[in-house]
Amino acid sequence: MTTRDEAGFDSVDFHFDPMCPFAYQTSRWIREVRDLTGLTVNWRFFSLEEINRAEGGKHPWDREWSYGWSLMRIGATLRRIDMALLDTWYERIGRGLHVAAEKPHEPDTARRMLAEIGVDPGVLDESLADGTTHDDVRADHLRVVEAGGFGVPTLFFPDGQALFGPVLVRPPTGVAAVRLWEVVTGMLEFPNVYEIQRPKGAEDSQLILETLRPYLDARDWVSVDRGRVVDLPGPVR
(Lines give C-alpha, C1' and ligand atoms only; values in the text may rest on other atoms or scores of the structure.)
Protein backbone atom coordinates (compact mmCIF):
# COMPACT_ATOMS: atom_id res chain seq x y z
CA MET A 1 0.00 0.00 0.00
CA THR A 2 1.19 3.52 -0.76
CA THR A 3 2.76 5.31 2.21
CA ARG A 4 2.37 8.95 3.14
CA ASP A 5 5.87 9.74 1.86
CA GLU A 6 5.16 8.09 -1.51
CA ALA A 7 1.90 10.04 -1.86
CA GLY A 8 3.88 13.29 -1.40
CA PHE A 9 1.83 14.90 1.39
CA ASP A 10 0.89 13.71 4.85
CA SER A 11 -1.98 16.16 5.40
CA VAL A 12 -4.70 18.02 3.55
CA ASP A 13 -7.26 20.68 4.48
CA PHE A 14 -10.68 19.64 3.19
CA HIS A 15 -13.20 22.49 2.87
CA PHE A 16 -16.83 21.38 2.86
CA ASP A 17 -20.40 22.55 3.19
CA PRO A 18 -22.49 19.79 4.82
CA MET A 19 -25.34 20.56 2.42
CA CYS A 20 -23.25 19.82 -0.69
CA PRO A 21 -23.84 16.31 -2.06
CA PHE A 22 -20.61 16.22 -4.04
CA ALA A 23 -18.46 17.33 -1.11
CA TYR A 24 -20.01 14.46 0.85
CA GLN A 25 -19.13 11.92 -1.85
CA THR A 26 -15.56 13.22 -1.94
CA SER A 27 -15.36 13.11 1.85
CA ARG A 28 -16.11 9.39 1.72
CA TRP A 29 -13.15 8.97 -0.63
CA ILE A 30 -10.73 11.09 1.42
CA ARG A 31 -11.61 9.12 4.57
CA GLU A 32 -10.75 5.93 2.71
CA VAL A 33 -7.41 7.43 1.67
CA ARG A 34 -6.80 8.47 5.27
CA ASP A 35 -7.53 4.99 6.57
CA LEU A 36 -5.22 3.37 4.04
CA THR A 37 -2.29 5.80 4.07
CA GLY A 38 -2.29 7.59 7.43
CA LEU A 39 -3.12 10.92 5.76
CA THR A 40 -4.22 13.63 8.20
CA VAL A 41 -7.46 15.33 7.13
CA ASN A 42 -8.14 18.76 8.58
CA TRP A 43 -11.82 19.62 8.11
CA ARG A 44 -12.53 23.21 7.13
CA PHE A 45 -15.71 25.08 6.23
CA PHE A 46 -17.20 26.84 3.20
CA SER A 47 -20.67 28.31 2.78
CA LEU A 48 -22.64 27.73 -0.41
CA GLU A 49 -25.44 29.79 1.15
CA GLU A 50 -23.10 32.79 1.27
CA ILE A 51 -21.41 32.31 -2.10
CA ASN A 52 -24.84 31.98 -3.79
CA ARG A 53 -26.55 34.68 -1.76
CA ALA A 54 -28.82 36.87 -3.87
CA GLU A 55 -27.93 40.53 -3.98
CA GLY A 56 -29.58 42.22 -1.03
CA GLY A 57 -30.31 38.94 0.72
CA LYS A 58 -29.31 38.21 4.28
CA HIS A 59 -25.91 36.78 5.03
CA PRO A 60 -26.17 33.38 6.74
CA TRP A 61 -24.61 34.89 9.87
CA ASP A 62 -27.52 37.35 10.04
CA ARG A 63 -30.06 34.53 10.35
CA GLU A 64 -31.16 32.88 13.57
CA TRP A 65 -30.84 29.48 11.89
CA SER A 66 -29.23 29.03 8.51
CA TYR A 67 -29.05 25.41 7.36
CA GLY A 68 -25.43 24.56 6.50
CA TRP A 69 -23.97 27.62 8.21
CA SER A 70 -25.52 26.72 11.56
CA LEU A 71 -24.41 23.10 11.25
CA MET A 72 -20.88 24.36 10.63
CA ARG A 73 -21.08 26.61 13.69
CA ILE A 74 -21.79 23.46 15.70
CA GLY A 75 -18.84 21.89 13.91
CA ALA A 76 -16.66 24.85 14.91
CA THR A 77 -17.44 24.22 18.57
CA LEU A 78 -16.62 20.54 18.18
CA ARG A 79 -13.39 21.28 16.29
CA ARG A 80 -12.16 23.42 19.17
CA ILE A 81 -12.42 20.33 21.35
CA ASP A 82 -11.08 17.76 18.91
CA MET A 83 -10.87 17.56 15.11
CA ALA A 84 -12.08 13.97 15.44
CA LEU A 85 -15.40 15.23 16.83
CA LEU A 86 -15.92 17.43 13.78
CA ASP A 87 -15.03 14.45 11.58
CA THR A 88 -17.68 12.35 13.31
CA TRP A 89 -20.24 15.17 13.14
CA TYR A 90 -19.74 15.73 9.43
CA GLU A 91 -19.94 12.01 8.73
CA ARG A 92 -23.22 11.70 10.64
CA ILE A 93 -25.01 14.70 9.21
CA GLY A 94 -23.64 13.99 5.73
CA ARG A 95 -24.79 10.38 5.79
CA GLY A 96 -28.14 11.52 7.17
CA LEU A 97 -28.83 14.01 4.38
CA HIS A 98 -27.10 12.43 1.41
CA VAL A 99 -27.80 8.74 2.05
CA ALA A 100 -30.86 8.49 4.29
CA ALA A 101 -32.74 11.65 3.15
CA GLU A 102 -32.89 12.91 6.74
CA LYS A 103 -32.94 16.62 7.53
CA PRO A 104 -29.98 17.54 9.75
CA HIS A 105 -30.62 21.16 8.79
CA GLU A 106 -33.66 21.07 11.11
CA PRO A 107 -32.62 21.90 14.70
CA ASP A 108 -34.46 18.99 16.32
CA THR A 109 -32.83 16.53 13.94
CA ALA A 110 -29.43 18.11 14.54
CA ARG A 111 -29.89 17.71 18.29
CA ARG A 112 -30.78 14.05 17.82
CA MET A 113 -27.71 13.47 15.68
CA LEU A 114 -25.48 15.14 18.27
CA ALA A 115 -26.80 12.71 20.85
CA GLU A 116 -26.22 9.80 18.47
CA ILE A 117 -22.50 10.62 18.26
CA GLY A 118 -22.22 10.95 22.02
CA VAL A 119 -22.30 14.75 22.24
CA ASP A 120 -24.60 16.74 24.53
CA PRO A 121 -27.40 18.12 22.30
CA GLY A 122 -27.03 21.37 24.21
CA VAL A 123 -23.92 22.01 22.11
CA LEU A 124 -26.30 23.24 19.40
CA ASP A 125 -27.60 26.06 21.61
CA GLU A 126 -24.12 26.72 22.97
CA SER A 127 -22.77 27.13 19.45
CA LEU A 128 -25.53 29.48 18.37
CA ALA A 129 -25.09 31.59 21.50
CA ASP A 130 -21.35 31.96 20.84
CA GLY A 131 -20.80 34.64 18.21
CA THR A 132 -17.20 33.56 17.70
CA THR A 133 -18.39 30.41 15.91
CA HIS A 134 -19.48 32.76 13.12
CA ASP A 135 -15.89 33.98 12.99
CA ASP A 136 -14.50 30.45 12.64
CA VAL A 137 -16.80 29.54 9.75
CA ARG A 138 -16.32 32.89 8.02
CA ALA A 139 -12.51 32.66 8.24
CA ASP A 140 -12.50 29.23 6.57
CA HIS A 141 -14.96 30.43 3.92
CA LEU A 142 -12.90 33.51 3.08
CA ARG A 143 -9.76 31.42 2.75
CA VAL A 144 -11.34 29.64 -0.22
CA VAL A 145 -12.80 32.80 -1.74
CA GLU A 146 -9.50 34.69 -1.46
CA ALA A 147 -7.74 31.82 -3.22
CA GLY A 148 -10.21 32.20 -6.11
CA GLY A 149 -12.40 29.28 -5.08
CA PHE A 150 -16.13 29.08 -5.67
CA GLY A 151 -17.36 25.80 -4.18
CA VAL A 152 -16.58 22.53 -2.50
CA PRO A 153 -14.85 20.22 -2.14
CA THR A 154 -11.76 22.45 -2.15
CA LEU A 155 -8.47 20.95 -0.97
CA PHE A 156 -5.55 22.95 0.41
CA PHE A 157 -2.13 21.29 0.51
CA PRO A 158 0.86 21.93 2.80
CA ASP A 159 2.75 23.73 0.00
CA GLY A 160 -0.05 26.32 -0.25
CA GLN A 161 -1.65 25.07 -3.46
CA ALA A 162 -5.40 24.48 -3.67
CA LEU A 163 -7.53 22.32 -5.95
CA PHE A 164 -11.29 22.14 -6.46
CA GLY A 165 -12.48 18.54 -6.49
CA PRO A 166 -12.32 15.75 -7.27
CA VAL A 167 -16.05 15.81 -8.07
CA LEU A 168 -17.26 12.22 -8.13
CA VAL A 169 -19.95 9.71 -7.32
CA ARG A 170 -19.38 6.10 -6.26
CA PRO A 171 -16.13 6.96 -4.44
CA PRO A 172 -13.38 4.42 -5.11
CA THR A 173 -12.10 2.23 -2.30
CA GLY A 174 -8.94 0.29 -1.60
CA VAL A 175 -6.07 0.54 -4.07
CA ALA A 176 -8.23 2.59 -6.45
CA ALA A 177 -8.85 5.25 -3.78
CA VAL A 178 -5.12 5.65 -3.21
CA ARG A 179 -4.48 5.75 -6.94
CA LEU A 180 -6.97 8.62 -7.30
CA TRP A 181 -5.14 10.44 -4.48
CA GLU A 182 -1.91 10.05 -6.46
CA VAL A 183 -3.63 11.42 -9.57
CA VAL A 184 -5.03 14.41 -7.66
CA THR A 185 -1.78 15.29 -5.94
CA GLY A 186 0.02 14.77 -9.25
CA MET A 187 -1.86 17.83 -10.52
CA LEU A 188 0.21 19.91 -8.13
CA GLU A 189 3.24 19.35 -10.35
CA PHE A 190 1.52 21.50 -12.99
CA PRO A 191 0.46 24.79 -11.34
CA ASN A 192 -0.68 26.31 -14.65
CA VAL A 193 -3.14 23.54 -15.46
CA TYR A 194 -6.39 25.05 -14.24
CA GLU A 195 -9.17 22.76 -15.33
CA ILE A 196 -9.85 19.30 -16.69
CA GLN A 197 -13.38 17.93 -16.99
CA ARG A 198 -15.03 14.76 -18.26
CA PRO A 199 -18.03 15.23 -20.58
CA LYS A 200 -21.22 13.74 -19.12
CA GLY A 201 -23.61 11.77 -21.29
CA ALA A 202 -27.12 10.57 -20.52
CA GLU A 203 -25.92 7.56 -18.51
CA ASP A 204 -23.62 9.76 -16.43
CA SER A 205 -26.43 12.20 -15.72
CA GLN A 206 -28.70 9.35 -14.67
CA LEU A 207 -26.05 7.96 -12.31
CA ILE A 208 -25.57 11.39 -10.75
CA LEU A 209 -29.32 11.82 -10.36
CA GLU A 210 -29.65 8.42 -8.68
CA THR A 211 -26.78 9.20 -6.31
CA LEU A 212 -28.22 12.59 -5.39
CA ARG A 213 -31.79 11.36 -4.93
CA PRO A 214 -31.74 11.33 -1.08
CA TYR A 215 -30.37 14.86 -1.06
CA LEU A 216 -32.94 16.04 -3.59
CA ASP A 217 -35.75 14.49 -1.53
CA ALA A 218 -34.57 16.01 1.76
CA ARG A 219 -33.47 19.51 0.78
CA ASP A 220 -35.55 22.52 1.77
CA TRP A 221 -33.87 25.09 -0.44
CA VAL A 222 -33.63 26.16 -4.05
CA SER A 223 -30.59 24.89 -5.94
CA VAL A 224 -28.57 27.38 -7.92
CA ASP A 225 -27.28 26.31 -11.34
CA ARG A 226 -24.30 28.33 -12.49
CA GLY A 227 -23.31 25.91 -15.22
CA ARG A 228 -21.06 23.86 -12.96
CA VAL A 229 -21.28 20.18 -12.17
CA VAL A 230 -22.27 20.84 -8.59
CA ASP A 231 -25.87 21.27 -7.39
CA LEU A 232 -25.47 24.25 -5.11
CA PRO A 233 -27.66 25.08 -2.13
CA GLY A 234 -29.06 28.53 -2.69
CA PRO A 235 -31.26 30.96 -0.79
CA VAL A 236 -32.71 29.92 2.55
CA ARG A 237 -35.40 31.40 4.72
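These values consider heavy atoms only, across backbone and side chains, with no hydrogens, waters or symmetry-generated copies. All values derive from a computational prediction rather than experimental measurement.
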List the steps and the verdict of side chain to side chain contact (heavy atoms under 4.5 Å, CB included) for Val178 and Val175.
CA-CA 5 Å; Val178 178; Val175 173; 5.8 Å; no

Return the [atom1] to [atom2] distance between [X] and [Y], rounded to the nearest 0.5 Å.
{"X": "Glu102", "Y": "Asp217", "atom1": "CD", "atom2": "CG", "value": "13.0 Å"}
{"X": "Phe14", "Y": "Leu39", "atom1": "CZ", "atom2": "CG", "value": "11.0 Å"}
{"X": "Asp140", "Y": "Thr154", "atom1": "CG", "atom2": "OG1", "value": "11.5 Å"}
{"X": "Leu97", "Y": "Tyr24", "atom1": "CG", "atom2": "OH", "value": "9.5 Å"}
{"X": "Thr173", "Y": "Asp35", "atom1": "OG1", "atom2": "CG", "value": "11.5 Å"}
{"X": "Arg219", "Y": "His98", "atom1": "CZ", "atom2": "NE2", "value": "12.0 Å"}

Hey, is the main chain of [Y] close enough, under 3.5 Å, to the side chain of [X] for a donor-acceptor pair?
{"X": "Arg44", "Y": "Asp13", "answer": "no"}
{"X": "Trp65", "Y": "Ser70", "answer": "no"}
{"X": "Trp29", "Y": "Leu168", "answer": "no"}
{"X": "Thr26", "Y": "Pro166", "answer": "yes"}
{"X": "Arg95", "Y": "Val99", "answer": "no"}

Is [X] salt-bridged to [Y], going by a charged N under 4.0 Å from an acidic O?
{"X": "Arg111", "Y": "Glu116", "value": "no"}
{"X": "Asp87", "Y": "Arg31", "value": "yes"}
{"X": "Glu50", "Y": "Lys58", "value": "no"}
{"X": "Lys103", "Y": "Asp108", "value": "no"}
{"X": "Arg179", "Y": "Glu182", "value": "yes"}

Of all heavy-atom pairs between [X] and [Y], which one has the smallest distance, and what is that distance?
{"X": "Ser11", "Y": "Asn42", "value": "CB-ND2, 4.3 Å"}
{"X": "Met72", "Y": "Pro18", "value": "CG-CD, 3.5 Å"}
{"X": "Pro171", "Y": "Arg28", "value": "CD-NH1, 3.6 Å"}
{"X": "Val119", "Y": "Val123", "value": "CG1-CG2, 3.6 Å"}
{"X": "Val12", "Y": "Trp181", "value": "CB-CH2, 4.1 Å"}
{"X": "Ala101", "Y": "Pro214", "value": "CB-O, 3.5 Å"}

[X]-[Y] aromatic ring centre distance below 6.0 Å:
{"X": "Phe46", "Y": "His15", "answer": "no"}
{"X": "His105", "Y": "Trp221", "answer": "yes"}
{"X": "Tyr90", "Y": "Phe16", "answer": "yes"}

Show your reasoning for whether side chain to side chain contact (heavy atoms under 4.5 Å, CB included) applies to Arg170 and Leu207.
CA-CA 9 Å; Arg170 292 186 178 173; Leu207 173 61; 3.4 Å; yes

Fill in: Residues Val184, Leu163; criterion side chain to side chain contact (heavy atoms under 4.5 Å, CB included); working and verdict
CA-CA 8 Å; Val184 170; Leu163 293 173; 3.9 Å; yes

So, do [X] and [Y] sit near enough that their side-chain heavy atoms are less than 4.5 Å apart?
{"X": "Val144", "Y": "Phe45", "value": "no"}
{"X": "Asn192", "Y": "Phe190", "value": "no"}
{"X": "Asp220", "Y": "Glu106", "value": "yes"}

Q: Kindly indicate whether a cation-pi arrangement holds for Arg63 with Trp69, taking the cut-offs as under 6.0 Å to the six-membered ring centre and within 45° of the axis.
A: no

- Task: Mark yes or no: Arg143 above the aromatic ring of Phe156, with NZ or CZ under 6.0 Å from the six-membered ring centre and no more than 45 degrees from the axis.
- Result: yes

Hey, any chance [X] and [Y] share a hydrophobic cluster, counting ILVMFWY side chains that come within less than 4.5 Å of each other, even indirectly?
{"X": "Tyr194", "Y": "Phe164", "result": "no"}
{"X": "Ile117", "Y": "Ile74", "result": "yes"}
{"X": "Trp61", "Y": "Leu142", "result": "no"}

Verdict with reasoning, Glu126 to Arg73, per salt bridge (charged side-chain N to carboxylate O under 4.0 Å, His left out): CA-CA 10 Å; Glu126 173 188 334; Arg73 292 181 67 193; over 6 Å; no

Discussion item. Side chains of Glu49 and Ser66: any donor to acceptor distance under 3.5 Å?
Written reply: yes

Answer yes if the side chains of Ser127 and Thr77 hold a donor-acceptor pair under 3.5 Å, and no otherwise. yes

The residue among Arg79, His141, Arg80 that forms side chain to side chain donor-acceptor pair (under 3.5 Å) with Asp136 is Arg80

Is it true that, when you exclude Glu64 itself, more than 12 heavy atoms of the residues, nucleotides or ligands shown sit nearer than 6.0 Å to its CD? no

* Please walk me through it: do Gln25 and Val167 pass side chain to side chain contact (heavy atoms under 4.5 Å, CB included)? -> CA-CA 8 Å; Gln25 295 297 327; Val167 176; over 6 Å; no

